[in-house]
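For reference, the structure is listed below as structure tokens.
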Amino acid sequence: MSAFAQRLLAWFDQHGRHDLPWQHPREAYRVWLAEIMLQQTQVATVIPYFTRFIARFPDIHALAAAPLDDVLALWSGLGYYARARNLHRCARQIVAQYGGTFPRTLEALMELPGIGRSTAGAILAQAFGQRTPILDGNVRRVLARYGAVPGWPGTPAVQKRLWQLAEALLPDERMADYTQAIMDLGATVCTARKPACVRCPVAPGCAALAQNAVAEYPHPRSKKKRPQRHARLLLIRNPQGQLLLERRAPLGIWGGLWCPPLLGELHLASGTWAQILLDTASRVRQLPPLRHAFTHFDLELRPLQIELDAMPELICEPGQQLWVSLSTLSHLGLPAPVRRLIEQSFSLGST
DNA sequence: AAGCCGGGGTT
DNA sequence: AACCCAGGCTT
């Protein structure tokens, strides 16, 4: 077994994280759910979501049987909603195709929606003890430094080298602990900024440290600036004080979530209808804009509060539009910034 | 190979 | 403000 793995495992016993909710019990369903939630999302953020999710959907059959809306509602605020849609599809596929038991090969797992090579590796290693590597953000950083691997890890050539290194360093046993250990090392010692090399168990073999160039690895991605976009957000209320929501298209930004009608960019199918409604409304007032940063563009939401004197005809497909009282908003899957904006807009004594 | 998908934390 | 985070999917 590699010296890297030996030192890492010894360090893990003393300094690793042993009390994460998905470690007890460390079974495939819980590992899978945690892995999906943890994609691009920090541990501290995930824990309360994971706990609520397990309470509501204790096993894969419960998840597969649930309507997508329930899953999205529990996911609301976690972001990357394609993960929730894939999670739901994946649960149904595992029940239909495998009777609810996770497959135990890399190829079969990677066929499933939302599971790539790293997540598949994590499930095999952590739930089944198989000798399969992972390569998430933590491991990328640890290995890029340990092997002094040059280049930005987003490129296929660098990815390939890192996967090879990850494979070469695997232990002969304790795969579940090892997988947790290398992530813990990245999260608590080999951090992106100010790595604590003096506390690092694998410092003796670290190539970047030997070059006194730990900060040079991994090489950062080239930066680009984000375009600015904007949209009208129509907070339409009927005479009963209920708010109009629409279901967004299943794919794309905020896919499948409930949201007040948008005009301009990110528009909805009912855009023309909403524009007419806006043009004929008598009680309209502007609310302060909200800026929201997406990965690849900045969005400014410009809310308009519209109070209707009579109920309008709804024009969408049945089930795609909804009048809700403000008190029931929390039960629906809304984008977090939109939810906050609504709560803010109507908490300040505005009728 | 590059773009698409959020939100919170850190510095 | 910029960067980072338990990535995967699509083109």
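Worth saying up front: this structure is predicted, and the values here are computed from it rather than measured. So that the names make sense, note that chain A is the first sequence line, chain B the second, and so on, each numbered from 1.
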Base-contact (B) and sugar-phosphate-only (S) positions in nucleotides 6-11 of chain C, heavy-atom cut-off under 4.0 Å, - elsewhere: BBSS--
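For A:Phe297 and B:dG6, the CZ to C1' distance is 10 Å, given to the nearest whole Å. Distance, A:Ile253 CD1 to B:dG3 P: 16 Å, rounded to whole Å. Rounded to an integer number of Å, the gap from A:Leu299 CG to B:dG7 C1' is 14 Å. Rounded to whole Å, atom P of B:dG6 lies 13 Å from atom CG of A:Leu301. Rounding to whole angstrom units, CZ of residue A:Phe294 and C1' of B:dC4 are separated by 12 Å. The distance from atom NE2 of A:His219 to atom P of C:dC4 is 11 Å, rounded to the nearest whole Å. Between A:Asp298 atom CG and B:dG6 atom P there is a gap of 14 Å when expressed in whole angstrom units. Rounded to whole Å, the distance from CH2 on A:Trp254 to C1' on B:dC4 is 15 Å.
At the heavy-atom level, A:Ala82 lies nowhere under 4.0 Å from the strands shown. Here A:Ala122 lies out of heavy-atom contact (under 4.0 Å) with every strand.
With B:dG8, C:dC3, B:dG6 as the choices, the nucleotide that has an atom nearest any side-chain atom of A:Arg193 turns out to be C:dC3.
Ring-plane geometry between A:Phe12 and A:His18 is classed as tilted, the angle between the planes lying from 30 to 60 degrees on a 0 to 90 degree scale. The aromatic rings of A:Trp75 and A:Phe53 sit perpendicular, their planes meeting at an angle over 60°, well past the 30° parallel limit. The aromatic rings of A:Phe50 and A:Trp22 sit perpendicular, their planes meeting at an angle over 60°, well past the 30° parallel limit.
Remark: A:His292 is not in phosphate contact with B:dG6, judged by side-chain N or O atoms under 4.0 Å from OP1 or OP2.
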Should A:Arg285 and A:Glu307 be marked as a side-chain contact (heavy atoms from CB on, under 4.5 Å) after you check the CA-CA gap, both sets of side-chain angles, and the distance that decides it? CA-CA 9 Å; A:Arg285 74 177 181 120; A:Glu307 302 290 337; over 6 Å; no
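Here, B:dG6 and C:dC3 have their C1' atoms 15 Å apart, quoted to the whole Å. Annotation: C:dA6 and B:dT11 have their P atoms spaced 14 Å apart (nearest Å).
Side-chain contact check for A:Asn86 and A:Arg89: at least one donor-acceptor pair (N or O, by modelled atom type) lies under 3.5 Å. Remark: the A:Gln39 side chain and the A:Thr119 side chain contain an N/O donor-acceptor pair separated by less than 3.5 Å.
The hydrophobic clustering, which links ILVMFWY residues whose side-chain heavy atoms are closer than 4.5 Å, places A:Leu135 and A:Ile36 apart.
Using a 4.0 Å cut-off on heavy atoms, none of the residues of residues 152-160 of chain A approach DNA chain C.
Remark: aromatic rings of A:Phe102 and A:Tyr29 are distant, center separation not under 6.0 Å.
Figure legend: A:Arg104 and A:Phe128 shown as a cation-pi pair, the cationic atom lying under 6.0 angstrom from the six-membered ring centre and within 45 degrees of its axis.
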